[in-house]
Asks: 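Here it is, the structure in full.
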Amino acid sequence: MGKQPNLYSFENVDTQLAPNLRKYILERQSEAFDRHGVFRIATSGGSLPKTLAKALLDPASGSSQDKFEFGRWEVFYADERCVPLDHDDSNHKLVKAEWIDKIPAELGQPKVFTINEKLIDDPQEMADEYEKTLVSVFASRDSVKLPLFDLILLGCGPDGHTCSLFPEHPLLRETDAWVLSIKDSPKPPPGRITLSLPVVLHGANIAFVATGGGKKEILKQIFETEAGAKLPCGLVNNGAGERVSWFCDTAATEGVGYPRRSSVI
Ligand SMILES: O=C(O)[C@H](O)[C@@H](O)[C@H](O)[C@H](O)COP(=O)(O)O
């Protein structure tokens, strides 16, 4: 398939998608440790954290020799809602409840970079501060043009959005800032911060997780139409090519003509 994104499609999420996603993430972890001794990931919210939890923590998903070393992970948010960290709309609250809080002590604890909840009324200020956090971790903006995440884990909205980058929104044209704010998100809540498209495209690896029949129409558009290629998910596919992998179930890929793979090699 050359420089094209990989589209993996599995009959079953628990017994097939999760173990394959586990294998994929273990490989990315090992590459990252070789690269710089830590594994830097960014994650979205939505339905992703629940599926991710199955890949990361369900013993049925892999052999005991293959271990995640969470103590060497740094976890960032690809997008976050401007709400307190204990609010039901918080992506951090969801991610924490789904897997971070469930990590067995012997596997270590990741370092998690949350938003500053004191800034929830000022999304731009929050985005600027989160960008400063990235700058402090990924070195100065002067020397590093874009932060290099080892893995960016994303969802795909029914309208083709990803992170909090929505179709035809002016934020898609932002080329300077690493972290952007949005006050008019079509998906509630309206105030959010998000990684910019150039930061997402720069990721060493980008994985989408999209499951269920509710995703099939948008996947057909993204993979098969010119209009779909211009949606945020399509822009990631086109901009990052073979660094992009989609982990889907057959309900989501039904009718998609693009070549599908059934296991991570
Ligand atoms: O804050 C959010 O809403 C998410 O981070 C968002 O980017 C999500 O990943 C997509 O909307 C897909 O969500 P679903 O997987 O629930 O459809």
Side-chain angles (χ1 to χ4, degrees), residues 7-10 13 17-18 21 41-55 75-100 112-115 117 120 123 126-127 130 149 151-169 171-172 174 179-197 199-201 203 206-222 228 231-237 240 244-249 251-253:
L7 174 58
Y8 297 107
S9 178
F10 306 98
V13 173
L17 189 157
L21 181 57
I41 71 158
T43 180
S44 275
S47 60
L48 165 72
K50 199 179 181 62
T51 312
L52 191 55
K54 293 177 186 170
V75 178
F76 299 83
Y77 287 95
D79 67 328
E80 179 57 290
R81 291 102 176 262
C82 298
V83 294
L85 294 171
D86 62 357
H87 191 283
D88 281 346
D89 281 339
S90 161
N91 281 343
H92 173 65
K93 182 180 178 187
L94 179 68
V95 169
K96 198 165 144 12
E98 287 292 350
W99 61 270
I100 293 179
V112 184
F113 294 84
T114 59
I115 54 160
E117 58 185 342
I120 53 176
M126 185 186 281
Y130 204 69
F149 286 98
L151 175 61
I152 304 182
L153 289 151
L154 300 174
C156 162
D159 57 353
H161 81 260
T162 194
C163 297
S164 288
L165 298 167
F166 291 87
E168 291 177 28
H169 196 280
L171 285 192
L172 288 171
E174 284 287 340
V179 184
L180 306 169
S181 70
I182 174 166
K183 284 188 174 165
D184 57 356
S185 164
K187 179 180 180 181
R192 291 152 171 263
I193 64 165
T194 180
L195 295 180
S196 67
L197 186 60
V199 170
V200 174
L201 295 182
I206 302 147
F208 285 95
V209 177
T211 56
K215 297 280 152 81
K216 83 179 177 193
E217 290 310 322
I218 194 65
L219 285 192
K220 268 195 252 176
Q221 272 192 54
I222 291 166
L231 294 172
C233 289
L235 295 172
V236 175
N237 270 357
V244 183
S245 297
W246 286 75
F247 289 84
C248 302
D249 61 358
T253 59

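When a ligand or atom number is given, it counts from 1 through the structure's own listing order. All of these numbers come straight from a predicted model, not from anything done at the bench. Just so it is clear, the values below take in all heavy atoms, side chains as well, and ignore hydrogens, waters and symmetry mates.
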Asks: Could you tell me the residue and atom name of the protein heavy atom closest to atom 13 (O) of ligand 1, and the distance to it rounded to 0.1 Å?
Replies: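 For this ligand atom, the closest protein heavy atom is Lys187 NZ, 3.5 Å.
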Asks: I'd like to check whether Gly45 has a polar contact with ligand 1, where a contact means an N/O of the residue lying under 3.5 Å from an N/O of the ligand.
Replies: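 Yes.
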Asks: Could you tell me if the side chain of Val112 sits less than 4.5 Å from the side chain of Phe76, heavy atoms only?
Replies: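 They are not in contact (no side-chain heavy atoms under 4.5 Å apart), so the answer is no.
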Asks: Could you list which atoms of ligand 1 come closer than 4.0 Å to a heavy atom of Gly46?
Replies: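 Under 4.0 Å from Gly46, ligand 1 has these atoms: 4 (C), 13 (O), 16 (O).
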Asks: Of all the atoms in ligand 1, which lie at a distance below 4.0 Å from a heavy atom belonging to Arg81?
Replies: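 The list of qualifying atoms is 1 (O), 2 (C), 3 (O).
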Asks: Are any of the N or O atoms of Cys163 closer than 3.5 Å to those of ligand 1?
Replies: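 Yes; at least one N/O pair falls below 3.5 Å.
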Asks: Which is it for Ser196 and Leu171 under the side-chain contact (heavy atoms from CB on, under 4.5 Å) test, yes or no, and what are the steps along the way?
Replies: CA-CA 8 Å; Ser196 67; Leu171 285 192; over 6 Å; no
Asks: Evaluate whether atom NZ of Lys50 has more than 12 neighbouring non-hydrogen atoms of other residues, nucleotides or ligands under 6.0 angstrom away.
Replies: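 Result for NZ/Lys50: open.
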Asks: Verify whether one side chain among Asp79 and Thr194 offers a donor that lies under 3.5 Å from an acceptor in the other.
Replies: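 No.
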Asks: So, regarding Thr162 and ligand 1 (criterion: nitrogen or oxygen to nitrogen or oxygen, under 3.5 Å), is there a contact or not?
Replies: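 No, no N or O pair falls under 3.5 Å.
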Asks: Which atoms of ligand 1 sit under 4.0 Å from any heavy atom of Cys156?
Replies: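 Heavy-atom distances to Cys156 below 4.0 Å select 12 (C), 17 (O).
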Asks: Of the protein's non-hydrogen atoms, which lies at the shortest distance from atom 16 (O) of ligand 1, and what is that distance?
Replies: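 Ranked first by proximity to atom 16 (O) of ligand 1 is Ser47 N, 3.0 Å.
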Asks: Should the pair Trp246 and Phe208 be assigned to parallel (<30°), tilted (30 to 60°) or perpendicular (>60°) ring geometry?
Replies: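 The rings of Trp246 and Phe208 lie parallel, inter-plane angle below 30°.
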Asks: What is the nearest protein non-hydrogen atom to atom 17 (O) of ligand 1, stated with its residue, atom name and distance?
Replies: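 I find the closest protein heavy atom is Lys215 NZ, 2.8 Å.
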Asks: For the pair Tyr8 (side chain) and Asp249 (backbone), establish whether a donor and an acceptor sit closer than 3.5 Å, ignoring hydrogens and angles.
Replies: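 Checking the backbone N and O of Asp249 against the side chain of Tyr8, no donor-acceptor pair under 3.5 Å is found.
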Asks: Identify, by atom number and element, the atoms of ligand 1 in contact range of Gly155, meaning under 4.0 Å from any of its heavy atoms.
Replies: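 What qualifies from ligand 1 is 9 (O).
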Asks: Report the member of Lys50, His161, Glu80 with the shortest heavy-atom distance to atom 11 (O) of ligand 1.
Replies: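 Selected option, by shortest heavy-atom distance: His161.
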Asks: Look only at the side chain of Glu98 and the backbone of Pro49, and say whether a donor-acceptor pair between them is shorter than 3.5 Å.
Replies: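 Looks like no, no N/O pair under 3.5 Å.
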Asks: Nearest protein heavy atom to atom 5 (O) of ligand 1, by residue and atom, and its distance?
Replies: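 The closest one turns out to be Asp79 OD1, 2.6 Å.
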Asks: If you measure from each non-hydrogen atom of Ser164 to ligand 1, which part falls under 4.0 Å: side chain, backbone, both or neither?
Replies: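 It is neither; nothing of Ser164 touches ligand 1.
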Asks: Heavy atom under 4.0 Å from ligand 1: found in Asn91's side chain, backbone, both, or neither?
Replies: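 Side chain only; the backbone of Asn91 stays clear of ligand 1.
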Asks: Quick one: does Lys215's side chain have a donor or acceptor within less than 3.5 Å of a partner on Pro158's backbone?
Replies: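 Answer holds: no.
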Asks: Would you mind checking if Asp86 and Lys93 are paired as a salt bridge, meaning a charged N to carboxylate O distance below 4.0 Å?
Replies: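 The answer is no: the pair does not qualify as a salt bridge.
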